Amino acid sequence: MRAMVLNSERSPLDSESRAVPRPGPGQVLIKVNACGVCRTDLHLVDGELPQARLPVIPGHEIIGHIEDVGPDVADFRTGERIGVPWLGHACGVCKYCLAGQENLCDAPQFTGCTIDGGYAEYVIADSRFCFRMPPGYSDLELAPWLCAGLIGYRALRKAGDAKRIGIYGFGAAAHIVVQVCRFEQRDVFAFTRPEDGQAQAFAVGLGAAWAGGSDTPAPCELDAAILFAPVGALVPKALRDVAKGGTVVCAGIHMSDIPQFPYDLLWGERHVCSVANLTRRDGTEFIALAQRAAIRTTVVPYPLTAANEALAALREGRLSGAAVLSMQG
Ligand SMILES: [Zn+2]
Ligand SMILES: [Zn+2]
């Protein structure tokens with residue numbers, strides 16, 4: 001099978017020919033149809049994820065069909081469409097797993113990071129951590145649901161019942177969250193790279209109440225802020241924008257250092273928190289909600305062997321929506 005492999009940090013992925021893997025107990029072999037390209041993949045390539053195990057095939061927004069099932073797979077059959085997310089495995093016995101916080105598991109596996117992911121024609125996955133995907137959507141448009149959608153959903157839930165929500169960084173996750181917010185009758189204020197008129201128009205087109213550069217103050221007091229941009233300097237900026245009692249949610253897996261800021265910005269019972277990984281419950285809740293809210297993703301397809309070009313476009317902020325690798329030519 002063809003696979004795009006990260007062999008060493010800070011170097012391009014290599015196109016390699018690999019043997020098709022065989023599913024073990026509890027695993028399924030999936031013929032990959034589409035795999036989303038996530039900002040986390042950039043952090044992986046840049047050597048910013050200490051948990052990574054190289055060489056690795058990146059990709060954790062996988063849509064495909066089950067080609068074969070290993071022993072002890074009860075929940076899926078050959079031929080079914082399936083989705084594989086970032087959380088590839090959780091131990092089930094650590095204190096976090098037992099408390100319903102498998103996103104914080106002490107011994108997790110992460111798809112496309114500690115185990116091989118979907119930048120390939122085939123992938124192996126633990127079926128208990130996969131999702132059945134709804135009909136009526138193409139493989140390409142479903143792929144971003146599996147991380148941009150799930151992490152965006154988890155971040156939005158951390159924001160509580162905030163009515164006016166600032167979103168900082170308007171990429172794949174934000175373009176889904178803004179649709180969920182509109183469905184839940186919340187107002188989104190989208191902050192993009194300064195002067196990025198294209199991203200601002202994209203945000204307003206999807207239902208944002210306002211869009212502007214991240215260097216401008218919010219036009220009104222916000223109840224919460226979600227940071228998708230991996231820019232630590234946005235934390236004090238977002239704290240300035242939120243009202244008393246408001247939460248600033250950092251949704252990325254990696255962020256540049258947060259600069260020192262006066263305690264006054266945190267005072268008034270403002271909160272800063274992060275979002276780490278996902279639980280299977282997030283997945284089932286989001287997939288149900290996305291259908292109710294009629295979420296539509298905007299995707300920019302690339303062939304599998306153009307994965308490096310897709311990553312470059314993401315890095316340079318040239319995408320409106322989500323880059324997705326298509327294995328269907
Ligand atoms: Zn665990
Ligand atoms: Zn991701």
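In this chain, numbering begins with 1 at the start of the sequence shown. Quick caveat, the model's predicted, so the values are computed rather than measured.
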Peer 1: Do R22 and D68 meet the salt-bridge criterion of a basic N to acidic O distance under 4.0 Å?
Peer 2: no
Peer 1: Check the surroundings of atom CZ in R281: do more than 12 heavy atoms from other residues, nucleotides or ligands lie under 6.0 Å from it?
Peer 2: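 No - once you tally the heavy atoms of other residues, nucleotides and ligands closer than 6.0 Å, there are 12 at most.
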Peer 1: Working to the nearest 0.5 angstrom, can you tell me the gap between L49 CG and L54 CG?
Peer 2: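 Between L49 CG and L54 CG, I get 10.0 Å after rounding to 0.5 Å.
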Peer 1: For R164, does its backbone N or O pair with a side-chain atom of D223 as donor and acceptor, under 3.5 Å?
Peer 2: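 Yes, D223 side chain to R164 backbone: donor-acceptor pair under 3.5 Å.
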Peer 1: Do V275 and L227 land in one hydrophobic cluster if side-chain heavy atoms of ILVMFWY residues count as linked below 4.5 Å?
Peer 2: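 No; tracing contacts between hydrophobic side chains, which count when under 4.5 Å, never links both residues.
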Peer 1: So does R157 pair up with E184, basic N to acidic O under 4.0 Å?
Peer 2: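 Looking at R157 and E184, the cut-off is met.
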Peer 1: May I have the step-by-step check of side chain to side chain contact (heavy atoms under 4.5 Å, CB included) for C35 and V324, ending in yes or no?
Peer 2: CA-CA 6 Å; C35 183; V324 178; 5.9 Å; no
Peer 1: Within this structure, what is the SG-NZ distance for the pair C91 and K95, rounded to the nearest 0.5 Å?
Peer 2: 12.0 Å
Peer 1: State, to 0.1 Å, how close M4 and P58 come at their nearest heavy-atom pair, and which atoms those are.
Peer 2: O-CD, 3.4 Å
Peer 1: Considering all heavy atoms of both residues, which atom of P134 and which atom of L142 are nearest to each other, and what is their separation?
Peer 2: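 That closest heavy-atom pairing would be O-CD1, 4.0 Å.
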Peer 1: Kindly compute the distance separating CG (D187) from CH2 (W210), expressed to the nearest 0.5 Å.
Peer 2: 13.0 Å
Peer 1: Does any non-hydrogen side-chain atom of F191 lie less than 4.5 Å from one of F170?
Peer 2: no
Peer 1: When you check the side-chain N and O atoms of H43 and E48, is any donor under 3.5 Å from an acceptor?
Peer 2: yes
Peer 1: For D139 and N33, which I'm curious about, is there any donor-acceptor pair between the side chains at under 3.5 Å?
Peer 2: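 Looking only at side-chain atoms, N33 and D139 do form a donor-acceptor pair, the distance falling under 3.5 Å.
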Peer 1: Salt bridge or not between K31 and E121? Use side-chain N to carboxylate O under 4.0 Å.
Peer 2: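 No, this pair does not count.
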Peer 1: Rounded to the nearest 0.5 Å, how far apart are CG of L6 and CZ of R53?
Peer 2: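 The CG atom of L6 sits 14.5 Å away from the CZ atom of R53.
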Peer 1: Anything under 30° is parallel, anything over 60° is perpendicular, the rest tilted; go ahead and classify W145 against Y137.
Peer 2: perpendicular
Peer 1: For a 4.5 angstrom cut-off between non-hydrogen side-chain atoms, does C250 reach V272?
Peer 2: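 Sidechains of V272 and C250: in contact.
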Peer 1: Should I151 and I295 be regarded as members of a common hydrophobic cluster, given that ILVMFWY residues are connected when their side-chain heavy atoms come within less than 4.5 Å of each other, either directly or indirectly?
Peer 2: yes
Peer 1: Rounded at 0.5 Å granularity, tell me how far CG in L311 sits from CG in L13.
Peer 2: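 One gets 5.5 Å once the value is rounded to the nearest 0.5 Å.
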Peer 1: Please check this pair: side chain of K158 against backbone of Y153, looking for a donor-acceptor N/O pair closer than 3.5 Å.
Peer 2: no
Peer 1: Can a donor-acceptor pair be found, under 3.5 Å and without considering hydrogens, that links the side chain of H175 to the backbone of T297?
Peer 2: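 No, because the side chain of H175 does not come within donor-acceptor range (under 3.5 Å) of the backbone of T297.
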Peer 1: Quick check: is L140 connected to I287 through a chain of hydrophobic side chains (ILVMFWY, heavy atoms under 4.5 Å apart)?
Peer 2: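 Not linked; separate clusters.
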Peer 1: Do you reckon L156 sits in the same ILVMFWY cluster as V242, going by side-chain contacts under 4.5 Å, direct or chained?
Peer 2: no
Peer 1: Using the side chain to side chain contact (heavy atoms under 4.5 Å, CB included) rule, take R296 and Q179 through it: C-alpha gap first, then chi angles, then the decisive distance, then the call.
Peer 2: CA-CA 8 Å; R296 288 289 163 182; Q179 296 178 61; 4.3 Å; yes
Peer 1: Which atom names give the shortest non-hydrogen contact between V37 and A310, and what distance separates them?
Peer 2: CG2-CB, 4.1 Å
Peer 1: Mind running side chain to side chain contact (heavy atoms under 4.5 Å, CB included) on V178 and V180 for me, showing each step along the way?
Peer 2: CA-CA 5 Å; V178 68; V180 175; over 6 Å; no
Peer 1: Examine the side chains of T192 and Q200 and answer whether a donor and an acceptor come within less than 3.5 Å of each other.
Peer 2: yes
Peer 1: Mark yes or no for whether E16, through its side chain, and R2, through its backbone, hold a donor-acceptor pair below 3.5 Å.
Peer 2: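 No, E16 side chain to R2 backbone: no donor-acceptor pair under 3.5 Å.
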Peer 1: Counting C-beta onward and ignoring hydrogens, is there a side-chain heavy-atom pair between P85 and C147 closer than 4.5 Å?
Peer 2: no
Peer 1: Measure across K237 and S214 and return the closest heavy-atom pair with its distance rounded to 0.1 Å.
Peer 2: CE-O, 3.0 Å
Peer 1: Looking only at atom types and distance, does a side-chain atom of R186 sit under 3.5 Å from a main-chain N or O of D161, one as donor and one as acceptor?
Peer 2: no
Peer 1: Any non-hydrogen side-chain atom of R10 less than 4.5 Å from a side-chain atom of V45?
Peer 2: no
Peer 1: How long is the span from the CE atom in M133 to the CD1 atom in I63, to the nearest 0.5 Å?
Peer 2: 4.0 Å
Peer 1: Side chain to side chain contact (heavy atoms under 4.5 Å, CB included) with T279: which of R154, Q101, E285?
Peer 2: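 Running side chain to side chain contact (heavy atoms under 4.5 Å, CB included) over R154, Q101, E285 with T279 returns exactly one hit, R154.
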Peer 1: Is any side-chain N of the basic residue among R315 and D46 closer than 4.0 Å to the acidic one's carboxylate O?
Peer 2: yes
Peer 1: Spell out, yes or no, whether V32 and I115 are grouped together once hydrophobic residues are joined by side-chain heavy atoms under 4.5 Å, including indirect joins.
Peer 2: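 V32 does not cluster with I115.
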Peer 1: Quick one: sort the H60 and W86 rings into parallel, tilted or perpendicular, breaks at 30° and 60°.
Peer 2: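 Geometry flag for W86 against H60: perpendicular rings.
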Peer 1: With P23, which of I124, D126, I30 fulfils side chain to side chain contact (heavy atoms under 4.5 Å, CB included)?
Peer 2: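 Testing P23 for a side chain to side chain contact (heavy atoms under 4.5 Å, CB included) against I124, D126, I30 leaves exactly one candidate, I124.
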Peer 1: Under 4.0 Å between a Lys/Arg side-chain N and an Asp/Glu carboxylate O for R132 and D75?
Peer 2: no
Peer 1: Indicate yes or no: does R280 engage E102 in a salt bridge with an N to O separation below 4.0 Å.
Peer 2: yes
Peer 1: Answer whether the closest heavy-atom distance between the side chains of V56 and C113 falls below 4.5 Å.
Peer 2: no
Peer 1: Is there a side chain to side chain contact (heavy atoms under 4.5 Å, CB included) between R240 and L265 once you walk through the steps?
Peer 2: CA-CA 6 Å; R240 259 181 235 284; L265 294 184; 3.6 Å; yes
Peer 1: Check whether any side-chain heavy atom of Y119 lies under 4.5 Å from a side-chain heavy atom of D41, and answer yes or no.
Peer 2: yes
Peer 1: Can you see which heavy atom on A224 is nearest to which on A162, and at what distance?
Peer 2: CB-CB, 3.6 Å
Peer 1: Would you confirm whether D72, through its side chain, and G26, through its main-chain N or O, come within 3.5 Å as a donor-acceptor pair?
Peer 2: no
Peer 1: Would you say the side chain of L87 lies within less than 4.5 Å of the side chain of F110, judging by non-hydrogen atoms?
Peer 2: yes
Peer 1: What closest approach, in Å, do S127 and F76 show between heavy atoms, and which atom pair accounts for it?
Peer 2: O-CE1, 3.4 Å
Peer 1: Measuring only between side-chain heavy atoms, which start at C-beta, is E221 closer than 4.5 Å to D241?
Peer 2: no
